[in-house]
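Down below is the structure, laid out as structure tokens.
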Amino acid sequence: MASNAATTNGSGAEKTITLEVFRYLPDEDSEPRYDTYEVPYKQEWVVLDALNWIKDNVDGSLTYRWSCRMAVCGSCGMMVNGEPELTCSSFLRDHYPNKIRVEPLSHFPVMRDLVINMDDFMHKMEDVKTWLIPKEPRNLEDGEYRQSPAELAEYKDFSMCINCMLCYSACPVYGLDSTFVGPAALALGQRYNLDSRDGAEDERADVIQSDHGVWHCTFVGACSKVCPKSVDPAGAIQMGKVKGTTDWIKSKLLPWGSK
Amino acid sequence: MSKDYIRPMSKTWYMERSYWRRFMVRELTSAFVAIYCVFLLYAAYQAKSADSFSVFFEYLKKPASLIWHFVVFLMVTWHTITWFAAAPKALRVYKGEDRVPEPIVAGAHFAAWLVVSLVVAWLVMG
């Protein structure tokens with residue numbers, strides 16, 4: 001029963017696993033190709049370890065993003081056998097002895113090999129204004145903002161986002177129409193809307209409540225399934241729909257408008 | 001400067017991943033919910049007189065009608081299950097600082113569904 005062995009045998013050939021890697025060189029290729037590599041199989045190795053081994057030992061030109069290798073930086077998201085995953089926490093042992101196909105995150109333009117163009121996502125965070133906009137200006141001598149644990153709990157889940165964009169690769173709505181603001185940017189908008197220190201919900205509503213915002217979402221729910229930090233963007237978006245609806249009803253029923 | 005490579009989605013994209021297939025099935029069942037609502041309106045219209053309703057009632061007993069109702073029952077049941085399973089996403093309930101776990105919120109929906117179904121069954125059959 002070699003398949004479950006924790007270490008490689010002292011004698012005999014070392015176990016290997018096959019990686020099929022998406023390659024695209026913008027200056028030379030018009031179409032991408034798949035290169036196949038035989039990589040040493042180690043039970044504790046992740047896909048990122050295998051890519052680093054290829055870059056060190058076989059082809060130094062293989063291009064991909066990575067940094068922290070501990071699911072914090074959000075750089076190493078790629079498609080592993082068709083599923084968006086952080087390659088730093090996607091183990092070879094979950095696929096061995098089958099081969100692993102590594103591709104750049106789907107639904108994004110490919111700049112080179114496994115590197116995607118994330119400009120669109122960065123612009124969307126700007127559009128949604130995913131930062132704290134205080135209700136009123138506050139001087140240093142006023143001291144720190146006070147927030148109760150219950151107030152923190154309201155947005156804490158949504159604040160765990162590491163901008164890895166796996167949710168965009170899981171979302172068919174974004175894949176079919178990239179004008180959709182998308183899961184992470186909407187979840188981060190909700191994160192600041194729910195923050196007791198923030199006062200810019202109306203400003204963000206121009207984007208969040210637009211046709212390209214929460215109302216473009218058809219609630220596939222895949223974003224929440226693939227999120228490595230359990231942010232639940234699908235939940236944030238549905239909350240946004242509920243809030244938009246109740247605000248609209250209030251604005252129609254109450255003479256003094258919403259709020 | 002650089003030319004990015006764009007990968008368009010295929011026309012059968014929904015077949016590529018299991019959670020996309022489940023989504024499409026859920027969306028398909030909603031069509032049966034809508035169609036059956038129209039059917040119920042037609043049934044209500046046929047109840048305008050006892051004669052027309054008895055004619056309509058005979059049609060309901062035919063095999064084609066029974067098969068149609070069985071299919072609709074499966075579709076609407078699946079739609080209800082997926083709908084209530086998704087409910088905790090839109091309904092985040094907090095008890096103090098702790099969020100009420102999703103299975104409890106979903107479970108409350110299923111429990112309410114069961115109670116309402118039993119009451120309706122008791123009214124119809126009792």
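Here is how names work: the chains are called A, B, and so on, in the same order as the sequence lines, proteins then strands, and each is numbered from 1.
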What is the distance from atom [atom1] of [X] to atom [atom2] of [Y], rounded to the nearest 0.5 Å?
X	Y	atom1	atom2	answer
Glu97(B)	Glu151(A)	CD	CD	10.5 Å
Glu83(A)	Tyr19(B)	CD	OH	3.5 Å
Gln238(A)	Arg92(B)	CD	CZ	11.0 Å
Glu27(B)	Phe219(A)	CD	CZ	10.5 Å

Structural part of Tyr5(B) lying under 4.5 Å from a heavy atom of chain A
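For Tyr5(B), backbone and side chain are both near chain A.
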Engaged part of Glu16(B) at the chain A interface, taking heavy atoms whose separation is under 4.5 Å
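Interface part for Glu16(B): neither.
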Contacting region of [X] [heavy-atom separation from chain B under 4.5 Å]:
X	result
Ser224(A)	side chain
Asp29(A)	backbone
Ile237(A)	neither
Val220(A)	both
Val226(A)	side chain

Could you check Ser106(A) against Arg17(B) for side chain to side chain contact (heavy atoms under 4.5 Å, CB included), going step by step and ending with a plain yes or no?
CA-CA 12 Å; Ser106(A) 54; Arg17(B) 299 187 209 169; 3.0 Å; yes
Should we say atom [atom1] of [X] is surrounded by more than 12 heavy atoms from elsewhere, each under 6.0 Å from it?
X	atom1	value
Arg33(A)	CZ	yes
Phe57(B)	CZ	no
Met160(A)	CE	no
Lys229(A)	NZ	yes
Trp20(B)	CH2	yes
Lys48(B)	NZ	yes
Tyr42(B)	OH	no
Phe73(B)	CZ	no

What option among Gly82(A), Ala236(A), Ser30(A), Pro32(A) has the most heavy-atom pairs under 4.5 Å with chain B?
Pro32(A)
Picking from Val242(A), Ile116(A), Asn117(A), Leu152(A), which has the most non-hydrogen pairs under 4.5 angstrom with chain B?
Asn117(A)
Kindly determine whether Arg7(B) and Tyr24(A) satisfy side chain to side chain contact (heavy atoms under 4.5 Å, CB included), including the steps that lead there.
CA-CA 12 Å; Arg7(B) 297 160 293 168; Tyr24(A) 173 68; over 6 Å; no
